[in-house]
Amino acid sequence: MRRIKAATFVSLDGVMQAPGGPQEDPSGGFAYGGWMFHYADEVTGATVAETLAGPFDLLLGRRTYDIFAAYWPNAPQYHPIAKSFNAVTKYVATHDPGTMDWHNTRWLGKDPVATLRALKKTDGPDLLIQGSGELVQQLLATDLIDEIGLMVFPLLLGRGKRLFGTGTMPSALRLTRSRTSTTGVVMATYQRDGEIRGEIGGEIRTGSFA
């Protein structure tokens, strides 16, 4: 069985748009591209390295795929991320599969959710989502993500594309790991942990301190 893991950079108010640079995704007039740059330190670097250390295949939305495909094949091949990303299989959710030419790219088909349900039942490495906000929201709504690795940055962006949308399926999560960088970035890993506590027979019965 394969698991789907999302690794996401996010602001304290939940924005995940364009963390890496001004031109990464300026859609909607987003003016803060590159907002994570000044928070990098050895701890955040080590966390990213650990995320990319194990065997994995990439699971990407089309916008993130295009950004990666334009950069990583041309990056120095001694760079550990370039070496890894160029070698692994890239599974892509897109309506236009004919324009993807990055090595080892595979289309998820017209029904990505159905394809991923089947793919999770096969043997192979875990599927790692990088960026790909629309795809993440689609998979959260269909209960397909098994693990969420968040790097929460200490800033408020106010507007922009957010990690969790209104379609997210209610579920409980279990914190399996956490650490804090010298720059105030909180890194936390959560795994699915069943239903919302107090749900009985499909009815949510929340508690009360009254």
Side-chain angles (χ1 to χ4, degrees), residues 2-11 15-28 30-108 112 116 119 124-136 139 145 147-153 155 157 160-161 163 179 181-183 185 187 189:
R2 307 173 78 168
R3 298 185 304 157
I4 294 179
K5 302 192 293 187
T8 305
F9 306 121
V10 65
S11 68
V15 175
M16 62 178 296
Q17 186 172 353
Q23 301 307 314
E24 185 176 322
D25 180 9
S27 62
F30 188 70
Y32 300 108
W35 48 264
M36 62 172 282
F37 178 80
H38 294 291
Y39 295 93
D41 69 353
E42 290 186 3
V43 182
T44 58
T47 298
V48 171
E50 290 165 10
T51 299
L52 302 178
F56 64 89
D57 286 334
L58 282 172
L59 177 55
L60 304 171
R62 185 54 194 260
R63 183 184 293 274
T64 301
Y65 173 84
D66 286 343
I67 293 171
F68 282 11
Y71 181 78
W72 290 113
N74 303 309
Q77 293 308 294
Y78 58 79
H79 192 294
I81 296 179
K83 183 177 181 180
S84 178
F85 279 9
N86 288 324
V88 303
T89 301
K90 279 73 69 173
Y91 293 95
V92 185
T94 178
H95 298 295
D96 186 15
T99 57
M100 301 185 299
D101 56 7
W102 191 8
H103 178 65
N104 281 347
T105 293
R106 297 184 185 178
W107 182 38
L108 286 173
L116 287 171
L119 192 59
D126 289 338
L127 302 168
L128 177 65
I129 306 175
Q130 296 275 280
S132 308
E134 291 183 12
L135 177 61
V136 169
L139 299 186
I145 294 182
E147 180 177 297
I148 303 173
L150 296 180
M151 295 181 68
V152 183
F153 289 74
L155 76 168
L157 295 172
K161 297 176 181 178
L163 173 60
R179 64 171 78 171
S181 76
T182 61
T183 56
V185 180
M187 291 149 283
T189 301

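Quantities reported herein were computed from a predicted structural model and do not represent experimental measurements.
- Contact between L155 and Y39 at its shortest, heavy atoms only, is CB-OH, 3.9 Å.
- Within the 3.5 Å criterion, the main-chain N or O of T182 finds no donor-acceptor partner in the side chain of E42.
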Test side chain to side chain contact (heavy atoms under 4.5 Å, CB included) on M187 and V43 and set out the steps. CA-CA 9 Å; M187 291 149 283; V43 182; 3.7 Å; yes

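- Under the 30°/60° scheme for interplanar angles, the aromatic rings of W102 and F68 are found to stand perpendicular.
- The distance from the CD atom of Q17 to the OH atom of Y32 is 12.0 Å, given to the nearest 0.5 Å.
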Tell me, with the steps shown, if L127 and L116 meet side chain to side chain contact (heavy atoms under 4.5 Å, CB included). CA-CA 10 Å; L127 302 168; L116 287 171; 4.1 Å; yes

Take Y65 and T105 through the test side-chain hydrogen bond (donor to acceptor under 3.5 Å, both in side chains) and record every step on the way to the result. CA-CA 10 Å; Y65 173 84; T105 293; 2.9 Å; yes

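- Scanning for side-chain contact (heavy atoms from CB on, under 4.5 Å) contacts around D96 gives R62, T94, T99, with sequence neighbours left out.
- Across T183 and A40, no two heavy atoms sit closer than the pair CG2-O, 4.5 Å.
- Distance check: W72 CH2 to Q77 CD gives 10.0 Å after rounding to the nearest 0.5 Å.
- Between D57 and R2 a salt bridge is recorded (basic side-chain N to carboxylate O distance below 4.0 Å).
- At least one side-chain heavy atom of F85 sits less than 4.5 Å from a side-chain heavy atom of L52.
- Side-chain contact between N86 and H103 is absent, with no heavy-atom pair separated by less than 4.5 Å.
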The test is side chain to side chain contact (heavy atoms under 4.5 Å, CB included); show your working for I145 and I129 and say whether it passes. CA-CA 9 Å; I145 294 182; I129 306 175; 4.2 Å; yes

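- Results of the side chain to side chain contact (heavy atoms under 4.5 Å, CB included) test with L128 over I4, L60, T51, L59 single out T51 as the only residue that passes.
- If you take NE2 on H95 and CH2 on W107, they are separated by 10.0 Å, rounding to the nearest 0.5 Å.
- With rounding to the nearest 0.5 Å, the separation of CE in M16 from CG in L157 is 12.5 Å.
- K161 is listed as a side-chain neighbour of R63, based on a closest heavy-atom distance under 4.5 Å.
- A 4.5 Å side-chain heavy-atom check between F30 and V15 finds at least one atom pair inside the cut-off.
- Using a 4.5 Å cut-off on side-chain heavy atoms (C-beta onward), P112 and Y91 make no contact.
- Residues V48 and M151 are in side-chain contact: their nearest non-hydrogen atoms beyond the backbone lie under 4.5 Å apart.
- The closest side-chain heavy-atom distance from I148 to V136 is not below 4.5 Å.
- The minimum heavy-atom distance between E24 and P19, with the atom names listed, is OE2-CD, 3.3 Å.
- The heavy-atom pair separating N104 from V88 by the smallest distance is CB-O, 3.5 Å.
- The side-chain heavy atoms of I67 and D25, taken from C-beta on, include no pair separated by under 4.5 Å.
- Across F56 and S84, no two heavy atoms sit closer than the pair CZ-OG, 3.3 Å.
- In plain terms, the two heavy atoms of S132 and T64 that are nearest each other are N-OG1, 2.9 Å.
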Before giving the answer on side chain to side chain contact (heavy atoms under 4.5 Å, CB included), spell out for D41 and T44 the whole-Å C-alpha distance, their side-chain angles and the decisive distance to 0.1 Å. CA-CA 6 Å; D41 69 353; T44 58; 3.2 Å; yes

